[in-house]
Protein chains: 2
Amino acid sequence: MNKPISIEKRQFSEDGDELCPMPDIAKLIGGKWKLIILQILIFRGMKRFNELRRMIDGVTQTMLTKQLRALEADGLVERKIYAEVPPRVEYRATKRAHDLEAVFLAMHDWWIKDNPPEKK
Amino acid sequence: MNKPISIEKRQFSEDGDELCPMPDIAKLIGGKWKLIILQILIFRGMKRFNELRRMIDGVTQTMLTKQLRALEADGLVERKIYAEVPPRVEYRATKRAHDLEAVFLAMHDWWIKDNPPEKK
DNA sequence: CCGGATCCCCTACGATACTG
DNA sequence: CAGTATCGTAGGGGATCCGG
């Protein structure tokens with residue numbers, strides 16, 4: 001035991017006690033906005049760009065665009081452009097993202113259970 | 001307007017309208033090292049400082065100390081100092097941290113299910 | 001309405017040295 | 001062994017302007 005947990009690649013211990021690669025996961029859903037975006041798209045369904053922007057307090061256009069592009073590149077968000085005037089772009093969670101639902105539910109349960117309401 | 005679709009009521013707080021606060025959660029378990037540290041302490045039990053350091057590839061003393069202090073301040077890690085020579089300090093996951101187990105398991109399942117093995 | 005292109009700042013992160 | 005103390009850096013994040 002006590003094998004190194006590589007921050008570059010997934011690695012499992014000998015005894016079958018699998019530790020999945022947190023650094024890789026963090027790359028996909030880490031950062032300041034990705035979890036918020038995914039949460040909305042997963043649990044509240046498709047949103048347009050500005051709709052999303054209004055729902056996420058403090059996010060700028062630039063950052064929202066960047067994060068959405070990154071999520072799209074990782075296959076977590078689907079982007080659909082309508083050739084209209086004014087432009088319309090819809091974002092929705094992919095299947096891969098929807099499979100994250102269990103993670104969000106677990107986080108929610110944890111938050112409710114272990115975090116005092118008045119906690120900063 | 002953006003009323004919850006309510007796939008799962010659990011995802012929303014008491015007023016039935018709010019998603020649980022991802023930014024707050026990110027504060028607790030975000031960053032480059034916290035998830036790795038927690039994963040080890042939760043699934044492999046108590047570790048000493050240098051033991052932990054050797055298990056986490058690439059972490060420096062400074063960062064490991066900082067992250068452990070932050071986790072301790074948030075009540076996720078317990079620090080036990082033994083007045084011995086040489087010094088011995090033990091770290092273990094608190095109950096609050098152990099309740100995160102479900103989150104890690106959900107992440108693991110997701111990773112196994114939706115991530116191609118050769119994915120960079 | 002939905003961005004791209006720039007420029008800039010802050011802080012998370014890290015290298016190194018030193019200590020009880 | 002298990003830390004602090006300093007100092008330095010990169011890149012994530014942001015403000016602003018411009019365009020289809």
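Proteins get letters first, then strands, A, B, ... in listed order; numbering begins at 1 in each.
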Asks: If the threshold is 4.0 Å, N to carboxylate O, is there a salt bridge linking A/E90 and A/R92?
Replies: yes
Asks: Reckon A/R79 has a side-chain N or O less than 4.0 Å from the OP1 or OP2 of C/dG3?
Replies: yes
Asks: Counting only N and O atoms by type, is there a donor-acceptor contact under 3.5 Å from the side chain of A/R96 to the main-chain atoms of B/K113?
Replies: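 Between the backbone of B/K113 and the side chain of A/R96 there is no qualifying donor-acceptor contact (under 3.5 Å).
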Asks: Atom CZ of B/R69 and atom C1' of D/dA5: how far apart are they, to the nearest Å?
Replies: 14 Å
Asks: Under the 6.0 Å and 45° cation-pi test, does B/R79 pair with B/Y91?
Replies: no
Asks: Scan nucleotides 13-16 of chain D against the protein and return all N/O pairs shorter than 3.5 Å with their distances rounded to 0.1 Å.
Replies:
from   : atom 1 : to    : atom 2 : distance (Å)
D/dG13 : OP1    : A/K32 : N      : 3.0
D/dG14 : OP1    : A/K32 : NZ     : 2.8
D/dG14 : OP2    : A/W33 : NE1    : 3.1
D/dA15 : N6     : A/T62 : OG1    : 3.3
D/dT16 : O4     : A/T62 : OG1    : 3.0

Asks: Between B/Q39 and A/C20 (side chain of the first, backbone of the second, donor and acceptor by atom type, cut-off under 3.5 Å), is there such a pair?
Replies: yes
Asks: Would a distance-only check, ignoring hydrogens and angles, find a side-chain to backbone donor-acceptor pair under 3.5 Å from B/T94 to B/E78?
Replies: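 Answer holds: no.
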Asks: Five pairs at each end of the helix from C/dC1-D/dG20 to C/dG20-D/dC1: take the axis at both ends and give me the angle between them to 10°.
Replies: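 One end's axis against the other's: 50°.
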Asks: Can you check the B/N50 CG to D/dT4 P distance for me, whole Å?
Replies: 13 Å
Asks: Please determine if a side-chain N or O atom of A/R48 lies less than 4.0 Å away from the OP1 or OP2 oxygen of C/dC2.
Replies: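 A/R48 to C/dC2 OP1/OP2: side-chain N or O found under 4.0 Å.
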Asks: Rounded off to whole Å, could you give me the CG-to-C1' distance for the A/L64 and D/dG12 pair?
Replies: 16 Å
Asks: Tell me whether B/V89 is reachable from B/V85 by hopping between hydrophobic residues (I, L, V, M, F, W, Y) whose side-chain heavy atoms are closer than 4.5 Å.
Replies: no
Asks: For B/E51 and B/R48, indicate whether the former's side chain and the latter's backbone hold a donor-acceptor pair under 3.5 Å.
Replies: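 Judged by distance alone, yes, a pair lies under 3.5 Å.
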Asks: Rounded to whole Å, please give me the gap between CG in B/L52 and P in D/dC1.
Replies: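 Checked: the CG to P distance equals 14 Å.
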Asks: Expressed as a whole number of angstroms, how long is the span from B/K47:NZ to D/dC1:C1'?
Replies: 17 Å
Asks: For B/Y91, which contact category applies under a 4.0 Å heavy-atom criterion: base, sugar-phosphate, or nothing?
Replies: sugar-phosphate
Asks: Mind checking side chain to side chain donor-acceptor pair (under 3.5 Å) for A/R54 and listing every partner two or more places apart, or none if nothing turns up?
Replies: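 With neighbours one apart ignored, the set is empty.
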Asks: Between D/dA2, C/dG4, D/dG20, which nucleotide gets closest to the side-chain atoms of A/P87?
Replies: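 Of the candidates, D/dG20 comes closest.
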Asks: Just the rounded figure in Å: distance from C1' of D/dG20 to CZ of A/F49.
Replies: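 Value for this atom pair: 15 Å.
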Asks: C/dC1 P sits how many Å from A/I81 CD1, rounded?
Replies: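 Distance check: A/I81 CD1 to C/dC1 P gives 17 Å.
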Asks: Using OP1 and OP2 only, check whether a side-chain N or O of B/R53 sits under 4.0 Å from D/dC1.
Replies: no
